[in-house]
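Single-structure report; data block below.
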Amino acid sequence: MNHFLDELNPAQRAATISTEGPVMIIAGAGSGKTRVLTYRIAHIMEKGVDAFNILALTFTNKAAREMKARIAKIVGDKEAKNLWMGTFHSIFAKILRIEGEKLGYPNNFTIYDTDDSKSVIKEILKQLNLDDKIYKPSMVLNRISDAKNKLISAGAYINNPITQAEDQSSRKPMLGQIYLNYQKRNFKAGAMDFDDLLYQTNVLLRDFPDVLLKYQNKFRYILVDEYQDTNFSQYVIIKQLAARFQNISVVGDDAQSIYSFRGANIQNILNFEKDYPDLKTFKLEQNYRSTKTIVGAANHIIANNKDQFKKVVFTDNDDGNKIKIIKASTDNEEGQKIASSLAEIRMQERAMNSDFAILYRTNAQSRAFEEALRRLNIPYRIFGGVSFYQRKEVKDVLSYCRLTINNNDDESLKRIINYPARGIGQTTIDKINVAAAEHDISMWTVICNLKDFNLGINAGISSKIADFVTQIKSYSLLLPYKDAFELANQIAVGSGIVKELYTDKTPEGVSRYENIQELLNGIKDFVEQPRTPQEDEINDVIKASLAKDETNLFAEETDNKLKTLDEFMQEITLLTDVDKDKDDENKDKVSLMTIHASKGLEFKYVFVVGLEENLFPSQLSLNSRTDLEEERRLFYVAITRAERQATLSFATMRYRYGNILYCEPSRFIDEIDSKYLDFPEEQNINPFNDTTFDKFREDYSDGAKKEIGFNSKNKNLSTSSSNSTLNFNPPAKKLISLNSKFMTSSSTPVDLTINKSLQQGDIVTHEKFGKGQVVLLEGVWPETKATIQFENQGTKNLLLKFARLNKL
DNA sequence: AGCCCCGGTGAAGTC
DNA sequence: CACCGGGGCT
């Protein structure tokens with residue numbers, strides 16, 4: 001049998017066997033990067049290194065799983081299982097579960113998602129009496145996120161003259177204070193946001209040399225995939241961990257760096273060379289994935305960027321088909337043309353649905369393709385977009401789970417303390433919230449000791465709150481004894497959510513009910529899968545800490561085999577879009593996703609759609625060269641996903657933001673040498689003549705200008721000279737809204753004396769419904785309901801204490 | 001206490 | 001156009 005090293009070309013082989021010391025591998029698209037990474041790990045293990053001593057950081061959990069499976073085939077399942085492999089976020093979340101108590105976090109800390117974070121920021125704005133129009137929560141969160149990814153603490157932020165000057169000049173001087181409060185609040189709630197997982201890991205490694213040493217010794221070999229997309233915070237973690245043994249290898253491709261918006265920094269590659277002067281660098285330049293046409297076109301595209309490493313990607317594969325350009329008149333037609341082109345290729349090439357991907361710049365573009373595919377009965381799966389875990393009903397159940405695990409999780413508490421309705425109103429919740437903020441404690445602590453706070457909450461509501469506390473406590477006590485499925489099921493039923501949804505027989509209600517079932521099924525699957533060794537390790541630590549807790553009387557009886565709810569929650573919060581694919585992997589479906597999500601994947605046939613100026617490249621990227629270059633790298637990533645054939649499409653008109661927008665083909669199409677391209681036939685264009693294509697573009701932009709010519713008033717609304725918008729504001733609609741405004745503003749106070757004395761048969765007038773007759777009176781004042789037959793508006797049931805009536 | 005309707009506002013990519 | 005928050009309605 002061949003040894004696996006024999007499968008490699010000389011460059012790959014050299015990169016694979018150079019296991020000691022710092023190594024940088026610059027790997028072009030499709031050059032066998034994953035194979036090298038996999039074999040490197042296998043090779044290190046064959047040399048006798050224990051899998052427990054190897055840390056591999058990948059971009060998705062799915063990539064980690066697949067790589068582990070490949071390694072298992074070489075070194076055996078048992079050994080491979082012991083590897084520490086996963087995304088930065090999931091690996092360091094696990095380490096923080098073990099070590100976080102040193103930083104004052106509970107080991108069952110909650111991970112706040114972006115919604116939670118924004119909600120916390122909104123509260124802080126309220127508390128500080130700041131305008132959320134000026135301090136937009138998403139903007140504030142971005143700013144905090146940036147700071148954390150640069151390892152700037154709240155204190156440092158406030159004391160830093162540069163950030164202060166920036167915030168002063170943007171009229172947001174309180175950002176530092178918000179950041180400080182945000183950290184305090186999250187800490188108090190025992191919660192970390194995504195950036196904290198990296199930031200707090202840095203704090204841990206900085207402030208606890210013994211911990212640093214422990215992990216330096218543990219992770220003797222460190223491998224980082226997609227290194228071009230790491231940010232400063234990640235870079236420092238790696239640098240610290242590798243400092244002792246220096247067996248650090250990074251694999252990346254500067255041409256595929258597409259995440260600068262979340263702090264990724266190409267500079268990390270350059271810094272790497274500075275940090276490790278005795279670094280060995282390898283270049284993988286032979287592409288095994290794609291045809292000569294695709295590789296050639298991709299090289300052509302990327303050559304337009306100034307910032308790049310010298311690298312020549314080449315292939316010995318066939319020439320393959322030219323890259324087809326599809327022109328559509330509208331976004332919907334684009335969907336149809338892509339779907340039928342897909343069906344045609346599928347038939348001609350006898351391809352599977354799963355051989356195809358449709359890649360777009362923004363999630364909002366997916367709709368037209370979904371519709372067209374559905375019409376042709378082509379099964380598809382869509383990655384990203386609104387996640388299953390974001391659905392209201394799912395989040396409700398998960399909030400119960402989160403609060404059960406971490407009672408201090410204020411965000412979850414607020415969500416469910418009155419859902420399903422149990423008579424704890426907004427006023428009460430506000431009081432609790434204010435008290436918690438004042439005393440710097442969690443809302444849970446307040447409601448557990450309600451008597452001590454004198455909040456003016458009456459006995460009735462107090463007892464309802466006490467019931468709620470008892471209920472959650474009963475779940476928390478069960479955590480160690482029930483598996484995740486049993487407990488989640490008990491929570492879903494016991495909370496009343498299942499009942500509430502079950503009684504709702506509307507289509508939406510049924511679908512919500514099904515989503516809860518799906519969630520529970522997912523938890524069941526999770527419970528049935530055995531733990532990995534790292535998960536066992538973390539489990540031991542958490543269970544040991546539970547045993548220390550004297551309030552937990554039965555901790556020593558805990559069944560260690562049990563996969564518990566807290567483990568499930570950890571797992572799902574850090575899934576990437578690609579990881580979240582719930583479908584059976586074997587199902588034969590077309591993949592729809594953003595180009596960002598497609599990174600690292602490959603498909604035989606790829607459609608890159610929406611190639612229009614201001615969409616791709618995005619208009620937000622047009623202000624700076626570096627942004628435009630990132631956009632171009634994104635296009636490079638898209639094209640290089642294709643093995644056999646790539647197709648590009650654009651529409652000349654599309655709906656966006658409720659307007660019709662006329663579009664011009666993307667400059668990126670121009671940037672490809674036309675010898676690689678196959679233009680639409682009806683245009684009768686000589687594909688070997690670039691100037692003809694320029695003309696073709698001008699025709700479209702001219703056409704657009706002509707068509708919107710009558711609407712010149714609106715022209716100045718558009719952001720670029722070549723795109724114009726048409727605004728549709730039907731006058732009729734305006735009138736209606738004016739009318740209703742008029743009606744509500746002229747309202748008069750309700751005369752309750754009249755309402756109280758109404759009798760059956762009385763004739764009344766209502767300012768909205770007109771004239772009518774009382775046909776029925778039910779209930780005792782002030783809950784009296786009247787059924788009134790209006791002359792023109794039909795029969796209405798009105799609550800008399802509210803209804804604005806006059807007696808005639 | 002919730003539901004509904006209105007008007008205002010925003011609109012890229014993600015762990 | 002889609003989403004959200006506010007305020008009116010019952």
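We name chains A, B, ... by the order of the sequence lines, and we start the count at 1 in each one.
Rounded to a whole Å, the CD1 atom of A:I111 is 13 Å from the P atom of B:dC15. In this entry the distance linking CG of A:L628 with P of B:dA12 reads 17 Å, nearest Å. Between A:Y419 atom OH and B:dC3 atom P there is a gap of 10 Å when expressed in whole angstrom units. As a whole-Å value, the separation of A:F635 CZ from B:dG13 C1' is 17 Å. In this structure, the CD atom of A:E613 is 17 Å from the P atom of B:dA12, given to the nearest Å. As rounded to whole Å, 14 Å separates atom C1' of C:dA2 from atom CZ of A:R656. For the pair A:I572 CD1 and B:dT14 P, the computed distance is 19 Å after rounding to whole Å. The separation between A:F194 atom CZ and B:dT14 atom C1' is 9 Å, rounded to whole Å.
Classification of A:E630 and A:R633 as a salt-bridged pair holds, one side-chain N sitting under 4.0 Å from a carboxylate O. A salt bridge is absent between A:R367 and A:D331: the closest approach of a Lys/Arg side-chain nitrogen to an acidic carboxylate oxygen does not fall below 4.0 angstrom. Here A:K148 pairs with A:D196 in a salt bridge; the nearest charged N to carboxylate O distance falls below 4.0 Å.
Contacts of A:K122 with the nucleic acid, taken as non-hydrogen atoms under 4.0 Å apart, involve only primed sugar atoms and P, OP1 or OP2. Contact annotation for A:N363: backbone-only contact, meaning every heavy-atom pair under 4.0 Å involves sugar-phosphate atoms and none involves a base. Nucleic acid contact class of A:F88 (heavy atoms, under 4.0 Å, all strands): none. Across all strands, A:K136 comes closer than 4.0 Å only to sugar-phosphate atoms, never to a base (heavy-atom distances). Within the nucleic acid shown, A:D193 has no heavy atom closer than 4.0 Å to any nucleic acid atom.
For C:dG5 and B:dA12, the C1' atoms lie 24 Å apart once the distance is rounded to whole Å. Taking the P atoms as reference points, C:dC4 lies 15 Å from B:dG13, given to the whole Å.
Between B:dT14, B:dC15, B:dA12, one nucleotide has an atom nearer to the side chain of A:Y259 than all others, and that is B:dT14. In this structure, of B:dC15, B:dT14, B:dG2, it is B:dC15 that holds the atom nearest to the side chain of A:T576. The A:N418 side chain lies nearest to B:dG2 when the options are B:dG2, B:dT14, B:dA12. In this structure, of B:dC15, B:dG2, B:dG13, it is B:dG13 that holds the atom nearest to the side chain of A:R361. In this structure, of B:dC15, B:dA12, B:dT14, it is B:dT14 that holds the atom nearest to the side chain of A:H596.
Residue A:T594 places at least one side-chain N or O closer than 4.0 Å to OP1 or OP2 of B:dT14.
Separation of the A:Y227 and A:F59 ring centroids does not fall under the 6.0 Å cut-off.
Under a 3.5 Å cut-off, the side chain of A:H596 and the backbone N or O of A:I258 do form a donor-acceptor pair.
Checked against salt bridge (Lys or Arg N to Asp or Glu O under 4.0 Å), A:R625 has the following partners two or more places apart in sequence or in another chain: A:D307, A:E629.
Two residues, A:R422 and A:K133, neighbour DNA chain B, and the one matched to the more 5' nucleotide by heavy-atom proximity is A:R422.
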